[in-house]
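The structure appears below as structure tokens.
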Amino acid sequence: MSPRQTTNRRIVLNARPQGAPTPRDFRLEEVPVPAPGEGQVLLRTLYLSLDPYMRGRMNEAPSYAPPLELGEPMVGGTVNRVVASRNPKFREGDLVLGHAGWQDYALSDGSDLAPLGDMARPSYALSVLGMPGFTAWHGLLKIGEPKPGETVVVAAASGAVGAVVGQIAKLKGARAVGIAGGEAKCRHVVEELGFDACIDRRDPRFAARLAAACPDGIDVYFENVGGPVLDAVLPLLNIGARVPVCGLIAHYNDSDLPPGPNRLPLLMSTLLIRRVRAQGFIILDHYVDEFAVFSRDMSEWVAAGKVKLREDVVDGLENAPTAFIGLLEGRNFGKVVVRVAD
């Protein structure tokens with residue numbers, strides 16, 4: 001590390017959002033670059049992953065992970081370069097997958113780091129070869145269990161998880177029907193990713209068009225969104241359908257119950273009458289038992305060009321808050337990655 005690199009920029013939680021996050025909820029601050037102690041390494045962040053789960057960590061309410069404290073750096077997966085090491089397992093210059101969060105530099109004892117070797121496209125460790133890809137693989141194959149000829153419907157189909165879900169469904173012989181926001185995203189999902197169809201959720205005739213694209217009903221619905229999308233899917237679920245519940249991004253900013261009629265009776269009666277299995281999952285629970293198998297499968301599929309993922313790369317740590325707000329609003333196209341340094 002150059003002697004001039006003594007300042008660590010980091011973006012911290014400035015205030016807890018009331019509804020949708022705003023730029024005021026984040027604060028960019030500068031602190032000294034920390035020095036590694038015995039057994040530690042100093043990491044330089046190259047790429048930062050932005051993911052919807054981060055919104056939940058900004059709340060004070062309990063969840064599957066503890067909330068961020070005010071003044072604490074925002075969390076996030078990162079690709080890092082080791083710039084100083086006092087840990088015999090890592091050398092200066094090593095490329096690693098870590099959890100440095102929204103900052104230029106961070107310390108680690110090495111226990112949360114995974115070597116990346118000379119990976120040609122390191123940002124893929126944050127997307128198709130990392131947590132989002134693993135989420136798609138586990139949710140679809142372990143919970144959705146698609147069979148050849150079945151119809152798999154994927155919400156947020158152009159995003160980091162949904163795009164991979166549909167491509168795996170096709171590899172397993174199923175029909176893949178995507179749901180995305182906007183004509184450009186829908187064209188990409190069909191023409192570039194190989195889905196059989198993609199329906200624009202913003203279309204006033206969305207529910208009717210989804211039904212037309214699923215003439216034999218829906219056997220697997222990969223839930224990333226909730227809201228009106230789920231309302232349109234419910235009547236199309238077949239007997240014995242499976243619903244992996246990965247996310248509910250339409251509700252992440254809710255501070256109260258959504259308006260309108262109580263939908264719970266309809267949901268519960270659909271699950272009962274059609275014998276639907278809906279199962280939520282948190283991918284952190286499955287790394288120990290399954291990640292090695294996922295990594296083997298996905299590496300082979302990516303190398304063979306059978307699975308692709310578009311990256312939405314944002315330059316500059318200072319632009320992470322705006323990019324994250326856009327992610328929650330559906331403005332991103334593909335996997336959102338912040339390029340913090342070359």
Side-chain angles (χ1 to χ4, degrees), residues 10-13 17 20-21 25-26 45-59 63-68 72-80 97-103 106 112 114 121-140 154-165 180-181 185 222-226 244-253 280-287 291 294 298 309-314 316-317 319-340:
R10 62 185 193 179
I11 295 176
V12 304
L13 179 62
D25 297 322
F26 306 90
T45 302
L46 305 181
Y47 293 97
L48 164 67
S49 176
L50 296 184
D51 300 283
Y53 78 84
M54 297 170 179
R55 174 62 183 86
R57 299 292 300 276
M58 299 172 76
N59 293 333
S63 185
Y64 64 88
L68 283 167
E72 187 177 356
M74 290 287 295
V75 296
T78 51
V79 170
N80 302 91
L97 176 66
H99 300 87
W102 297 26
Q103 54 186 341
D112 61 340
R121 194 163 178 173
S123 58
Y124 267 16
L126 301 173
S127 57
V128 67
L129 298 178
M131 185 270 289
F134 186 30
T135 300
W137 180 92
H138 172 87
L140 181 64
V154 188
S158 67
V161 174
V164 179
V165 169
K185 290 182 179 180
F222 198 100
E223 176 65 291
N224 289 315
V225 174
V245 182
C246 172
L248 296 164
I249 195 169
H251 304 289
Y252 286 171
N253 293 325
F281 69 101
I282 302 298
I283 198 59
L284 295 175
D285 298 337
H286 304 286
Y287 271 83
F291 188 80
F294 153 75
M298 190 60 69
L309 184 62
R310 173 172 173 159
E311 288 186 309
D312 190 340
V313 180
V314 176
L317 178 66
N319 294 317
T322 301
F324 179 64
I325 291 169
L327 168 64
L328 295 177
E329 295 174 349
R331 296 203 305 261
N332 64 298
F333 199 154
K335 168 60 187 168
V336 183
V337 178
V338 178
R339 183 161 42 210
V340 179

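- Distance check: C246 SG to I282 CD1 gives 8.0 Å after rounding to the nearest 0.5 Å.
- The shortest heavy-atom contact between L68 and P73 is CD2-O, 3.4 Å.
- In terms of heavy atoms, L327 sits closest to P52 at CD2-N, 3.9 Å.
- The side-chain contact (heavy atoms from CB on, under 4.5 Å) search around P17 returns P21, D25, R55, M58, not counting sequence neighbours.
- Using a 4.5 Å heavy-atom cutoff, the side chains of V161 and P132 are in contact.
- Not a single salt bridge (charged side-chain N to carboxylate O under 4.0 Å, His left out) links K185 to another residue, sequence neighbours left out.
- For D51, the salt bridge (charged side-chain N to carboxylate O under 4.0 Å, His left out) test picks out K335, with sequence neighbours left out.
- L50 is not listed as a side-chain neighbour of V337, based on a closest heavy-atom distance of 4.5 Å or more.
- Y124 pairs by the ring-ring contact (aromatic ring centres under 6.0 Å, His included) definition with nothing, not counting sequence neighbours.
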Legend entry - side-chain contact (heavy atoms from CB on, under 4.5 Å) evaluation trace for M74 with R57: CA-CA 9 Å; M74 290 287 295; R57 299 292 300 276; over 6 Å; no
Legend entry - Full working for side-chain contact (heavy atoms from CB on, under 4.5 Å) between F294 and H286: CA-CA 11 Å; F294 153 75; H286 304 286; over 6 Å; no
Inset, instruction - Under the side-chain contact (heavy atoms from CB on, under 4.5 Å) rule, what do L317 and I11 come out as? Steps first, then yes or no, please. - result: CA-CA 8 Å; L317 178 66; I11 295 176; 4.0 Å; yes
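- Residue A136 comes nearest to F222 through the heavy atom pair O-CE1, 4.1 Å, listed as atom of the first residue, atom of the second, then distance.
- The heavy-atom pair separating L48 from G101 by the smallest distance is CD1-O, 3.8 Å.
- T78 places a side-chain N or O within donor-acceptor distance of the main-chain N or O of A100, the cut-off being under 3.5 Å.
- E223 is not listed as a side-chain neighbour of P244, based on a closest heavy-atom distance of 4.5 Å or more.
- What you find for A125 and L97 is that their closest heavy atoms are O-CD1, 3.9 Å.
- Residues forming a salt bridge (charged side-chain N to carboxylate O under 4.0 Å, His left out) with E329 (at least two apart in sequence, or on another chain): R331.
- Applying the side chain to side chain donor-acceptor pair (under 3.5 Å) criterion to D285, with sequence neighbours excluded, gives no partner residue.
- Counted by atom type alone, Q103 and T45 present zero donor-acceptor pairs between their side chains at under 3.5 Å.
- Taking the ring-ring contact (aromatic ring centres under 6.0 Å, His included) definition, one finds that F281 meets it with H138, sequence neighbours left out.
- M131 CE to S49 OG: the interatomic distance, rounded to the nearest 0.5 Å, is 5.5 Å.
- With sequence neighbours excluded, no residue satisfies side chain to side chain donor-acceptor pair (under 3.5 Å) with T135.
- Residues that satisfy the salt bridge (charged side-chain N to carboxylate O under 4.0 Å, His left out) test with R339, not counting sequence neighbours, are D315.
- Inter-residue side-chain proximity for V12 and E72 is flagged as unmet; no heavy-atom pair is nearer than 4.5 Å.
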Inset, instruction - For the pair Y47 and L126, evaluate side-chain contact (heavy atoms from CB on, under 4.5 Å) and give the outcome as yes or no after the intermediate values. - result: CA-CA 8 Å; Y47 293 97; L126 301 173; 3.8 Å; yes
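- Every residue meeting the ring-ring contact (aromatic ring centres under 6.0 Å, His included) condition with F324, not counting sequence neighbours, appears here in chain and number order: W102.
- Not counting sequence neighbours, the partners of A156 by the side-chain contact (heavy atoms from CB on, under 4.5 Å) test are N224, V225.
- Distance check: M298 CE to S127 OG gives 10.0 Å after rounding to the nearest 0.5 Å.
- L309 approaches A163 most closely through the heavy-atom pair CD1-CB, 3.7 Å.
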